[in-house]
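Here is the structure we will look at, set down as structure tokens.
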Amino acid sequence: MSRRVLYFSLLSLSLTACSSVNNKQAEGGFDYAEQEEAAPLIIPQGLTKPKQPNDYAVTNEVNHQGPVGQNMDIRAPSLVMPIAASSRVVEESGIAIIWFDKVLEEQDLLNFIDKVVKDKLADDNISYSVINEDTELTLSKVIEGATSLKETSIDRDGVRTSIIESDWYHNEVDNGWIFTDIEQSTSLRFRYQLLAKPHGRSVSLRVSLVDYLQTDKRGGSKTMDPIDKQRAEKSMLNSIISLVDYNYRVQQRENRLLRANQKLVTLGQNPVSEDAFVVEMGIDNLWDNMPIFFEKHGFTISDLNETKRIYYVDFVKPDTSIWDSLWGDDVPVIDVSDAHYQFVLAPLDEKNEKTSVTIYKADGEPLSKEVLDKIFPVIEAGLSFRNVF
């Protein structure tokens, strides 16, 4: 027998051994389950009964019908994982439910979560149907398993709902290598219940197993172990929570890119029809941030007039070297002569949402439109503060 054949034989044996392990049962013998309880100690008359500590006494008020020994399921309980931003679980509840609080102000939260659920079903190639039910019936289903309405944090007035039922999820276990045979087949259907509070800033999602079918060579069963049922529901819910978190990140990235690519600076005119830059920012905010622009682009503030919104600056073209580009420290240079300039800010609308920035030479003459066009790429990025905020 070659070394390779021996290796694959040992690997096959190890895999077979691993597959035979039942992770539901404790390891070792279960003889203790058959032991009879010892009879109480009988003390002869006239003797003092010895003191018996009750530190480890077990009361008889226990569930005598519960599983014992090898029938005991030792697996740890499944948990709902609130990994998505602003998500929270229902405390002390065995149901697979989670609450989402609003993260994206421009999105309707109920519609956002509803779309995530439907997109997941589409990605899994599972069809679904939308269920229309009375709100009171929906509420009773959501709080099933909870001790009170307060535990689920649901207000009965003005609740918006969305209920989706999936088609069958199929999972088959094959047996064999070349000629395979289906050893076991499991099918599950889920219900996804969404409820939004009246203010729309909090939405709950509950996942419930509504149908189950398992078939093997010995027959079929429509009854699922309660622990397996809870694990299946929470596993499905956790997969949706992770998708909600992913979609949050995608949407936030798109919003950041949109803001980064937004043209906040354009060429235009100031209130007295002189050529100037127009910045979509209030004059107070722009005035406060102008020193950041000056510092990064070679301007030194020599004086200012806050009442008239004028910065008096000296410009010296920054020296750049190959090391700046290698380390990513190079800043685009404004192509104007070393000289004294005035940056004059003026509001352009009553809402104070736009501000003109006019650049004057030392003699009081504004820079021409040709010069503004030439330096626009650098000024636009600088006055947008794109690389700062």
Side-chain angles (χ1 to χ4, degrees), residues 105-106 252-389:
E105 291 297 330
E106 70 277 9
Q252 288 168 340
R253 179 178 181 273
E254 291 177 354
N255 291 344
R256 287 195 297 269
L257 290 175
L258 182 63
R259 289 194 296 269
N261 295 324
Q262 186 178 8
K263 294 294 184 181
L264 298 178
V265 182
T266 57
L267 285 172
Q269 292 184 330
N270 62 15
V272 293
S273 300
E274 294 174 329
D275 292 319
F277 295 108
V278 176
V279 184
E280 293 190 15
M281 188 182 300
I283 188 169
D284 293 331
N285 288 335
L286 184 57
W287 173 264
D288 292 338
N289 288 299
M290 286 299 292
I292 300 175
F293 166 78
F294 293 140
E295 181 181 359
K296 292 180 68 69
H297 292 86
F299 294 94
T300 303
I301 301 174
S302 59
D303 198 0
L304 59 85
N305 186 327
E306 188 169 1
T307 303
K308 296 183 178 181
R309 301 297 191 180
I310 303 175
Y311 279 107
Y312 300 91
V313 298
D314 299 325
F315 178 73
V316 177
K317 188 174 294 186
D319 294 327
T320 59
S321 67
I322 188 173
W323 298 109
D324 293 328
S325 58
L326 287 176
W327 294 108
D329 295 332
D330 57 324
V331 176
V333 177
I334 299 176
D335 190 12
V336 293
S337 303
D338 295 359
H340 304 289
Y341 294 95
Q342 298 176 30
F343 280 70
V344 180
L345 280 59
L348 287 177
D349 57 357
E350 295 180 356
K351 295 183 179 179
N352 193 25
E353 294 178 349
K354 292 184 178 182
T355 304
S356 67
V357 179
T358 311
I359 305 176
Y360 294 92
K361 299 178 185 177
D363 59 4
E365 181 184 350
L367 294 184
S368 65
K369 187 176 184 301
E370 290 73 21
V371 175
L372 297 184
D373 282 330
K374 184 175 65 173
I375 65 175
F376 176 78
V378 181
I379 294 291
E380 188 275 329
L383 291 183
S384 297
F385 303 99
R386 188 166 296 139
N387 299 321
V388 177
F389 303 112

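Everything numeric here is computed off the predicted structure, so don't read it as measured data.
Applying the ring-ring contact (aromatic ring centres under 6.0 Å, His included) test to pairs two or more places apart or on separate chains, none has a residue in residues 263-284. The stretch residues 352-367 participates, sequence neighbours left out, in no salt bridge (Lys or Arg N to Asp or Glu O under 4.0 Å) pair at all. Screening residues 300-309 for side chain to side chain donor-acceptor pair (under 3.5 Å), with sequence neighbours left out, gives D284-R309.
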Before giving the answer on side chain to side chain contact (heavy atoms under 4.5 Å, CB included), spell out for L348 and V278 the whole-Å C-alpha distance, their side-chain angles and the decisive distance to 0.1 Å. CA-CA 8 Å; L348 287 177; V278 176; 3.7 Å; yes
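Atom CG of L372 and atom CD1 of I359 lie 6.0 Å apart (nearest 0.5 Å). Rounded to the nearest 0.5 angstrom, L367 CG and K374 NZ are separated by 10.0 Å. Considering CD of Q269 and OG1 of T358, their distance stands at 10.0 Å, rounded to 0.5 Å. Atom CG of residue L286 and atom CG of residue L383 lie 6.5 Å apart, to the nearest 0.5 angstrom.
For H297 against F315, the heavy-atom pair with the smallest separation is O-CE1, 3.3 Å. The two residues I379 and F293 come nearest to each other via the heavy atoms CD1-CZ, 3.5 Å.
By the side-chain contact (heavy atoms from CB on, under 4.5 Å) test, E295 is found to be paired with no residue, residues two or more places apart in sequence or in another chain being considered. By the side-chain hydrogen bond (donor to acceptor under 3.5 Å, both in side chains) test, Y360 pairs with E274, sequence neighbours left out. Residues forming a side-chain hydrogen bond (donor to acceptor under 3.5 Å, both in side chains) with K369 (at least two apart in sequence, or on another chain): D373. For E105, the side-chain hydrogen bond (donor to acceptor under 3.5 Å, both in side chains) test picks out R201, with sequence neighbours left out. Partners of S356 by side-chain hydrogen bond (donor to acceptor under 3.5 Å, both in side chains), not counting sequence neighbours: none found. Every ring-ring contact (aromatic ring centres under 6.0 Å, His included) that F343 has, sequence neighbours left out, goes to F294, F299. Under the rule for a side-chain contact (heavy atoms from CB on, under 4.5 Å), the partners of P291 that lie at least two apart in sequence or sit in another chain are I301, Y311.
With contacts defined as side-chain heavy-atom distances shorter than 4.5 Å, the pair D314/Y341 does not qualify. Using a 4.5 Å heavy-atom cutoff, the side chains of P347 and T355 are not in contact.
N285 places no side-chain N or O within 3.5 Å of a backbone atom of M281 that could act as its donor or acceptor partner.
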